[in-house]
Amino acid sequence: GGGASPTAAAAENGTRKVIPLSRDALQDFMLSIITQKLQDEKQPFYVLDLGEVVSLIDQWKSALPNIRPFYAVKCNPEPSFLSILSAMGSNFDCASRAEIEYVLSLGISPDRIVFANPCKPESDIIFAAKVGVNLTTYDSEDEVYKIRKHHPKSELLLRIKPMFDGNARCPMGPKYGALPEEVEPLLRAAQAARLTVSGVSFHIGSGDADSNAYLGAIAAAKEVFETAAKLGMSKMTVLDVGGGFTSGHQFTTAAVAVRSALKQHFDDQPELTIIAEPGRFFAETAFTLATTIIGKRVRGELREYWINDGLYGSMNCVLYDHATVNATPLAVLSNRTNVTCGGSKTFPTTVFGPTCDALDTVLRDYQLPELQVNDWLVFPNMGAYTKAAGSNFNGFNTSAIVTHLAYAYPS
Ligand code: PLP
């Protein structure tokens, strides 16, 4: 079966645990949304697969049982998604006042939030103090002064720059993280300000990150723990291994690297609290985007289609996240014959977004069967850094795109 809007309790229902949607179930669900006209004027929509989220949480718990995830809200702040993650035990990494407000508005308590932005506006620090978000990151002396002034009760994590950054699609090193020679001065600055540095954080970079980067980063974190001890600071208790996880085989190798580095460097500290800030790992595969073809042009063999989402909307991931997107016509999403589209012959195809900018081109040299205006084109794995960073350029408004929650039980 499948359906919309279950309560979070449906996630764990005795033996009837939800499972990821099959292609048949996803197609049926999308068709039901379309035929029930839950979509006004053929607007694009997302499907959030509850079973996929449950499966990802299970994978996390079995591969990294001692690491508490703090989901990075920036990756996809969809409220129903945050609620499911919360119900399944995840905590949250917020980058701004607004993200803290989303999380608190879901009834999640402030001690389940890390304010993991090393450089915060003073107004946001004041807000964190007011609502009791008492853990944050820093990598500059000025941040120490701001926190001392506005939120002296906040505990700090020193964000370090891993020396081998993971060659990720989106590296963090050029912007964030203390260099090795900055560690001691930054610890002393916090000590002088009478702030508690409770641990260390890092981020190896996001998207296709090399898992080996966790090894060097965790070794470097251990050196910071030792430096703090040498300075006579109170014993550090938190290690934050950041994000950089991608579901699939990268996650398996990342988990092996993280576990072995923890064993090598932190085995002597069994009481250590280890946390992480995964974004992409939980969000990417959980969301599928359905768009409509709103225009068509034929030039010889070439087929050109315009769809109602694009590079200024959900597919901004092509630019900012250096992502590659894939499309399948809804009619051929599952290979059942009861839903048909233009035959099996495919054509070289270009897919444009809706804005009047030629840059707004989603797919080039792509093979698709013949499609018509009003057909639906489906993009899988669209949960990470997509809608969250979309704009309303040309009046196409990403935040208006609705998310429908789907779930399936084993048959
Ligand atoms: N934590 C911080 C501080 C980040 O800046 C990011 C991404 O930008 C994340 C976590 C999430 O990273 P990922 O999606 O690679 O897990």
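Counting starts at 1 for both ligands and their atoms, following the listed order.
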Considering only distance and modelled atom types, tabulate donor-acceptor pairs under 3.5 Å from the side chains of residues 191-199, sequence neighbours left out.
residue	atom	partner	partner atom	Å
Q191	NE2	L231	O	2.9
S198	OG	E155	OE1	3.2
S198	OG	L156	O	3.4

Minimum heavy-atom separation for F347 to P369, with atom names?
CD1-C, 4.3 Å
Exactly which residues line ligand 1, taking a heavy atom under 4.0 Å from it as the test?
A72, K74, D93, A116, R159, M172, H203, S206, G243, G244, E277, P278, G279, R280, Y385
Between side-chain atoms of residues 274-284 and protein atoms elsewhere (two or more places apart, or another chain), which donor-acceptor pairs fall under 3.5 Å?
residue	atom	partner	partner atom	Å
R280	NH1	D321	OD2	2.9
R280	NH2	S206	OG	2.9
R280	NH2	D321	OD1	2.8
R280	NH2	D321	OD2	3.4

Distance-only donor-acceptor pairs under 3.5 Å for side chains of residues 139-146, two or more places apart:
residue	atom	partner	partner atom	Å
D139	OD2	G177	N	2.8
S140	OG	E143	N	3.4
E141	OE1	Y145	OH	2.8
E143	OE1	K146	NZ	2.7
E143	OE2	K120	N	3.0
E143	OE2	K120	NZ	2.9
K146	NZ	K120	O	2.7

Pick out which of F81, Y102, F245 makes a ring pair (Phe, Tyr, Trp, His ring centres under 6.0 Å) with Y71.
F81
Give a yes or no on whether a salt bridge exists between K161 and E182, defined as a side-chain N under 4.0 angstrom from a carboxylate O.
no
